[in-house]
Structure formats: C-alpha cells, structure tokens
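Below is one structure, written out as structure tokens; comments come after it.
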Amino acid sequence: MTNSSYIAFSPAQGWHDFWHGNIGEWILTKGLRITVLLIAAVLIARFINWTAHKVTRRLEVGFESGDALVRSEASKHRQAVASVISWVSIVLLGVVVAVQITNIVNVPVGSLVAPAAVLGAALGFGAQKLVQDLLSGFFIITEKQYGFGDLVQLSMVGAPEDAQGTVEDVTLRVTKLRTADGEVFTIPNGNIVRSLNLSKDWARAVVDIPVPVTADLNRVNDVLHDVCEASMEDRLLKDLLLDAPSLMGVESIGLDNVNVRMVARTLPGKQFEAGRRLRMLVVRALSRAGVVTHTEAAPAVDALPRSAATAERSDG
C-alpha cells in the first residue's frame with residue numbers, strides 16, 4: 001500500500017518540485033517575460049512590414065488608377081523612404097529587445113564593456129563594406145539621386161560594364177535593377193561610383209537622320225519641320241512629348257551622307273519610345289518626299305569608263 005502510493009504520487013511531486021525550484025521559477029518569471037517580449041517583437045516587426053507594404057501598394061495603386069504615364073518624383077522618393085523607414089525601425093526594434101533581455105537576465109552592463117570593445121574593433125575591420133553600403137544608401141535616398149521606377153545607369157567598382165535598368169527597390173544597403181531582358185541586378189550601394197538617372201523630371205529623345213549628300217537640304221529641312229509640327233498631333237506621340245520636337249540642323253558630314261539631328265523633350269523614361277516613333281514618322285515623310293539614302297541609289301553602270309583591254313577587244 002505504501003509503495004503504490006509513493007509510485008503514484010512521485011510524478012506529481014516531481015512536477016511540483018520542478019516548478020518551485022530555481023529553473024521553474026526562472027521559466028515562470030524571467031523566461032515568460034522574455035517569451036512575451038520576443039512574441040511582441042515579432043508581431044511589431046510584421047506590423048511594420050505590413051504598413052510599409054500598404055504604403056507602397058497605395059502609391060502603386062494611385063499611379064495605376066491615375067492618368068499619368070510616369071510616376072512623379074515625390075512618389076518615387078516616398079516609396080524609397082517607406083522601405084528605409086521600415087528597415088531602420090526593425091533594426092531599432094531588435095536593439096531595444098536585446099537591451100530589454102539583458103536587463104531581464106540581469107547581465108551587468110559594466111562587464112560587457114571590454115567584450116564590446118573587442119567585438120566593435122572586429123566589426124570595424126570586418127564590416128567596413130557594410131558600413132560603406134549603408135552610408136552610400138543613406139545619401140542616395142536623402143539626395144534623391146534616384147527612386148523606385150527610375151531608369152538609371154550605374155557605374156560600379158571593378159565592373160567592366162555599367163548596369164542599366166529600372167529601379168525595383170532601393171534600401172540602405174542595396175539597389176535592385178531590372179534590365180530590358182528581365183534580369184535583376186542586386187548592387188551594393190557602396191560599389192556605386194556614378195549614377196546616371198535617365199528619367200529625372202524629363203528626358204530627351206535624340207534622332208539622327210542620315211540623308212545623302214546629293215539631297216536638297218532645304219527640302220529635307222522643310223520635310224523635317226513638318227514632321228516636328230505633326231508629331232504633336234500623332235496619336236502615340238502627343239502623350240509622350242512635353243513640347244514639339246526641334247530640328248538642330250546638320251550634326252556631322254560623311255563621305256556619302258550628312259546627319260541631321262532632331263531632338264524632343266519627353267516624359268521621364270519615355271525618350272526611347274518617343275525616339276522610335278519619331279524615326280518611323282521621319283522615314284515615312286522622307287520616303288514620300290522622294291529623299292532616299294545613298295545605299296538605295298542604283299549605280300549608273302553606263303557612266304563607268306571602259307578599260308583599255310575591253311575597248312581593244314570590242315574594236316577587234
């Protein structure tokens with residue numbers, strides 16, 4: 001009877017002793033506080049990400065539902081700032097949680113000074129690149145060098161070629177570009193030595209038109225001026241151009257042709273689309289006017305001099 005009572009009672013007594021011991025009391029007090037703190041931190045971090053995504057999505061919906069063909073500079077900057085604020089907030093949240101946990105477990109701050117100094121020196125040497133990326137990203141965003149949706153060309157340290165594409169994301173550490181082929185470049189901000197923004201406020205389409213040297217340039221200028229005036233009424237061009245294209249005149253002279261340059265101010269990032277449409281209108285207008293390139297002119301065979309041998313054979 002006594003043995004059976006002892007066996008039946010021992011598990012309950014063991015749990016009682018565990019929860020009233022040092023480990024159990026630590027779990028119920030400090031452990032529970034740390035668990036609640038970590039859960040709250042995760043929920044707050046998810047809320048920050050949700051808010052940033054909501055702001056970005058609202059800006060995106062506002063652009064898609066509007067009549068504007070391109071994003072405003074303020075909208076581009078707001079999306080970049082929202083991304084940076086969410087990232088910085090999560091980092092600060094992690095620091096606060098770490099400090100609170102050290103206070104809960106009663107870790108003396110004074111004893112961490114020496115290890116922190118050694119760790120700081122190690123990070124100072126090992127994380128120089130990370131600090132450089134963060135500082136570069138900070139100045140890229142605060143100086144509004146480029147933002148979400150901009151068409152940019154970036155020169156990087158050690159890269160043989162520049163990276164050109166549309167900005168899909170800008171954070172303090174990296175910039176993500178999507179090229180015309182659909183590829184995505186992830187570039188650390190510290191590697192960027194020069195940024196060329198092709199869609200800042202407005203852009204310029206440059207069209208060089210080769211015409212044969214034998215063509216009447218006055219006639220060609222009249223035709224191109226008509227194209228400049230008619231382009232503002234074109235169904236595809238009128239929404240892309242900020243003003244009527246202008247004719248700059250002869251840009252260069254070659255052996256067989258001269259290049260006449262036409263320029264047009266367009267909406268940001270729309271210079272290539274406008275340039276393609278302008279070239280089509282120019283080709284159509286010059287073709288109707290009878291102006292052809294030197295490669296289209298057939299050689300006059302009858303005007304070529306005959307060789308002496310050929311002349312002798314024909315005389316014989």
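Note that the structure is predicted; figures quoted are calculated from it, not measured.
Side-chain atoms of Ser287 never come within 3.5 Å of backbone atoms of Arg284 as a donor-acceptor pair (strictly under, hydrogens ignored). The closest donor-acceptor contact from the side chain of Ser89 to the backbone of Ile85 lies under 3.5 Å. In this structure, the side chain of Asn191 does not engage the main chain of Val157 through any donor-acceptor pair within 3.5 Å. Side chain of Ser231 to main chain of Cys228: a donor-acceptor pair is present (N/O by atom type, distance under 3.5 Å, no hydrogens or angles).
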Check against side chain to side chain contact (heavy atoms under 4.5 Å, CB included), Asp162 and Leu196: CA-CA 10 Å; Asp162 295 344; Leu196 178 62; over 6 Å; no
Given Val152 and Thr175, is the side chain to side chain contact (heavy atoms under 4.5 Å, CB included) satisfied, shown in steps? CA-CA 11 Å; Val152 298; Thr175 295; 5.9 Å; no
Step-by-step side-chain hydrogen bond (donor to acceptor under 3.5 Å, both in side chains) determination, Glu251 to Asn259: CA-CA 5 Å; Glu251 178 65 22; Asn259 286 322; over 6 Å; no
Show, in sequence, the C-alpha distance, side-chain angles and deciding distance for Leu267 and Leu242, and conclude whether the side chain to side chain contact (heavy atoms under 4.5 Å, CB included) test is met. CA-CA 7 Å; Leu267 292 174; Leu242 296 178; 3.6 Å; yes
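Nearest approach of Lys129 to Pro188, heavy atoms of both residues: NZ-CB, 4.0 Å. When all heavy atoms of Asp208 and Arg261 are compared, the closest pair comes out as OD1-NE, 2.7 Å. Considering all non-hydrogen atoms of both residues, Val223 and Ala289 come closest at CG2-CB, 3.7 Å. Pairing each heavy atom of Ala215 with each of Val220, the nearest pair is CB-CG2, 4.3 Å. Here the shortest heavy-atom pairing between Ala163 and Phe185 reads CB-CD1, 4.2 Å. Nearest heavy-atom pair, Gly147 versus Val167, reported as atom, atom and distance to 0.1 Å: O-CB, 3.3 Å.
Summarising the geometry, atom CG belonging to Asn221 is positioned 11.0 Å from atom CG belonging to Asp226; distances are rounded to the nearest 0.5 Å. Note: Leu177 CG to Gln153 CD = 10.5 Å, rounded to the nearest 0.5 Å. If you take CG on Asp150 and CD on Gln145, they are separated by 11.0 Å, rounding to the nearest 0.5 Å. Once rounded to the nearest 0.5 Å, the distance linking OG of Ser252 with CG of Asn257 reads 7.5 Å. Once rounded to the nearest 0.5 Å, the distance linking OG1 of Thr171 with CZ of Phe138 reads 14.0 Å. Taking CZ from Phe148 and CG from Asp169, the interatomic distance works out to 8.0 Å, rounded to the nearest 0.5 Å.
Note on Val211 and Val263: separate hydrophobic clusters, where clusters join Ile, Leu, Val, Met, Phe, Trp and Tyr whose side-chain heavy atoms are under 4.5 Å apart, directly or indirectly. Taking hydrophobic clusters as Ile, Leu, Val, Met, Phe, Trp and Tyr residues chained together by side-chain heavy-atom distances below 4.5 Å, Met232 shares a cluster with Leu224. Follow the hydrophobic side-chain contacts under 4.5 Å out from Trp87 and you never reach Val174; the two are in separate clusters. Linking Ile, Leu, Val, Met, Phe, Trp and Tyr whenever their side-chain heavy atoms come within less than 4.5 Å leaves Ile104 and Val96 in two separate clusters. Hydrophobic clustering, with ILVMFWY side chains joined whenever heavy atoms are under 4.5 angstrom apart, groups Ile141 together with Val88.
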Under 3.5 Å, side-chain donor or acceptor atoms of residues 273-282 against the rest of the protein: list the pairs with distances, not counting sequence neighbours.
unit_1, atom_1, unit_2, atom_2, d
Arg277, NE, Asp234, OD2, 3.0
Arg277, NH2, Asp234, OD1, 2.9
Arg279, NH1, Gly275, O, 3.2
Arg279, NH2, Val206, O, 3.4

Acceptor/donor pairs from residues 31-46 side chains to any protein atom, 3.5 angstrom cut, sequence neighbours excluded:
unit_1, atom_1, unit_2, atom_2, d
Thr35, OG1, Gly31, O, 2.8

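Remark: Arg194 CZ is packed, more than 12 non-hydrogen atoms of other residues, nucleotides or ligands lying under 6.0 Å away. For Met248, the CE atom is loosely surrounded, since the number of other residues' heavy atoms within 6.0 Å does not exceed 12.
At a threshold of 4.0 Å, the pair Lys270-Asp239 does not count as salt-bridged, since none of the basic side-chain nitrogens sits closer than that to a carboxylate oxygen. Salt bridge annotation for Lys176-Glu168: absent, with no cationic side-chain nitrogen under 4.0 angstrom from a carboxylate oxygen.
Contact of the Leu286 side chain with the Val227 side chain is not registered, since no non-hydrogen atoms from C-beta on lie closer than 4.5 Å. Using a 4.5 Å heavy-atom threshold, the side chains of Arg173 and Leu134 count as touching.
Sorted by first and then second residue, the salt bridge (charged side-chain N to carboxylate O under 4.0 Å, His left out) pairs with a member in residues 209-222 form an empty list; sequence neighbours excluded.
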